[in-house]
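Comments concern the structure below.
This structure is a prediction, so every number in the text was calculated from the model and none was measured. Proteins get letters first, then strands, A, B, ... in listed order; numbering begins at 1 in each.
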2 protein chains.
Amino acid sequence: MSRQKEVILGVLRAQRFHPTADEILLRARQRMPALALGTVYRNLKALCDEKKVRRIPMEDAPDRYDGFVEPHDHLVCTVCGKVYDVPPLQSKEALEAKLATRVDGYELKVYFTCPKCQAKN
Amino acid sequence: MSRQKEVILGVLRAQRFHPTADEILLRARQRMPALALGTVYRNLKALCDEKKVRRIPMEDAPDRYDGFVEPHDHLVCTVCGKVYDVPPLQSKEALEAKLATRVDGYELKVYFTCPKCQAKN
DNA sequence: AAAAAAGTAGGAATGATTATCACTTTCATT
DNA sequence: AATGAAAGTGATAATCATTCCTACTTTTTT
């Protein structure tokens with residue numbers, strides 16, 4: 001594992017958040033100023049392949065990345081875009097039973113308006 | 001509703017499938033050769049706002065559009081990308097109960113390998 | 001029919017992501 | 001320690017779905 005990859009993984013594991021590739025670059029550059037955005041993307045993809053990081057594909061915004069890979073789903077604020085973790089809301093087994101097929105996985109995003117954004121109205 | 005918009009909606013309602021904007025353009029041009037891709041996107045967005053069409057955001061491919069808007073979820077083949085309809089696997093109410101919050105909606109995609117792609121191995 | 005509003009075609013622009021490539025770094029082997 | 005292969009990097013260019021822009025056309029209103 002290269003130093004760059006370590007730093008990127010370090011950023012993602014430093015706290016429970018869901019940054020974009022750009023935000024990861026910003027933070028990583030505090031420890032490694034020459035780091036390039038392409039390297040961030042390349043290593044994020046590798047880390048996802050190794051199951052050390054999880055990508056959260058966003059519908060109308062840059063994708064987010066998650067350094068915590070135990071099973072959980074995401075609650076997304078439709079106003080500010082912030083992503084919250086929630087316990088798994090589905091199981092592969094339940095889906096396989098309902099659908100009567102083998103299932104490879106699922107992506108569930110629940111949309112809501114977060115308390116902060118609700119308060120602003 | 002402009003003639004273009006009608007044609008685009010007609011394409012989506014002609015059969016149960018999940019075409020991309022490009023595929024919609026191709027089909028719509030059989031009836032309206034001068035139709036422009038920008039017009040397709042513009043009207044798809046409008047139709048989605050009017051809840052006459054549903055967008056299916058794809059993670060690593062162009063988005064799909066669905067002319068059938070009664071509640072249902074999607075089963076996506078990880079190999080060929082084909083999208084199948086399935087009955088709703090979640091309900092807003094169940095999610096609200098589990099999460100103890102108001103919920104605006106959800107996006108659930110279940111990934112599998114479709115029979116055709118399985119057969120190819 | 002004129003004026004205003006809405007919609008369109010076509011092409012340029014945008015922006016996230018990926019590819020490319022010359023240049024390091026790593027590291028096992030002599 | 002030198003070497004050579006393999007892997008990784010930084011910088012930049014390319015890609016490609018989608019959106020934006022503008023002059024033009026169609027529709028609606030008065």
### Message
Counting C-beta onward and ignoring hydrogens, is there a side-chain heavy-atom pair between M58(B) and T20(B) closer than 4.5 Å?
### Response
no
### Query
Can you check whether Y41(B) has a side-chain N or O nearer than 4.0 Å to OP1 or OP2 of dT18(D)?
yes
### Task
With the side chain of A36(A) defined as its heavy atoms from C-beta on, choose the nearest nucleotide among dG10(D), dT9(D), dT18(D).
dG10(D)
### Query
If only side-chain N and O atoms of T39(B) are considered, is one of them under 4.0 Å from the OP1 or OP2 phosphate oxygen of dT8(C)?
no
### Message
Under 4.0 Å, heavy atoms only, any strand: does D22(B) hit a base, just the sugar-phosphate, or nothing?
### Response
nothing
### Task
Take atom CD of E23(A) and atom P of dT17(C), then tell me their distance rounded to the nearest Å.
12 Å
### Task
Write down the distance between CE (M58(B)) and P (dT17(C)), rounded to a whole number of angstrom.
17 Å
#### Entry: Separation of atom CG in L44(B) from atom P in dT8(C), rounded to whole Å
12 Å
### Query
Can you check the R64(B) CZ to dA17(D) C1' distance for me, whole Å?
14 Å
### Query
Over how many whole Å does the gap from E59(B) atom CD to dA17(D) atom C1' extend?
16 Å
### Task
Would you mind reading off the distance between M32(B) atom CE and dA9(C) atom P, rounded to a whole angstrom?
7 Å
### Query
More 5' along DNA chain C: D60(B) or R42(B), using each one's nearest nucleotide?
R42(B)
### Message
Looking at D60(B) and R55(A), is there a salt bridge between them, counting it only when a charged N and a carboxylate O are closer than 4.0 Å?
### Response
yes
### Electrostatic pair K109(A)-E59(B), nearest N-O below 4.0 angstrom
no
### Task
Send over the distance from I24(B) CD1 to dT18(D) C1', rounded to a whole Å.
13 Å
### Query
Looking for any heavy atom pair under 4.0 Å, which part of the strands does S2(B) touch: base, sugar-phosphate only, or nothing?
sugar-phosphate
### Separation of dT19(D) P from L25(B) CG (nearest whole Å)
15 Å
### Message
Could you tell me if the side chain of P19(B) sits less than 4.5 Å from the side chain of L12(B), heavy atoms only?
### Response
yes
### Summary
By nearest-heavy-atom nucleotide on DNA chain D, the more 5' of K45(B) and Q4(A) is Q4(A)
### Summary
All heavy atoms of F68(B) vs all of Q15(B), minimum pair found to be CE1-O, 3.5 Å
### Query
Considering only side-chain heavy atoms of L35(B), which listed nucleotide, dT17(C), dT9(D), dA9(C), is closest?
dA9(C)
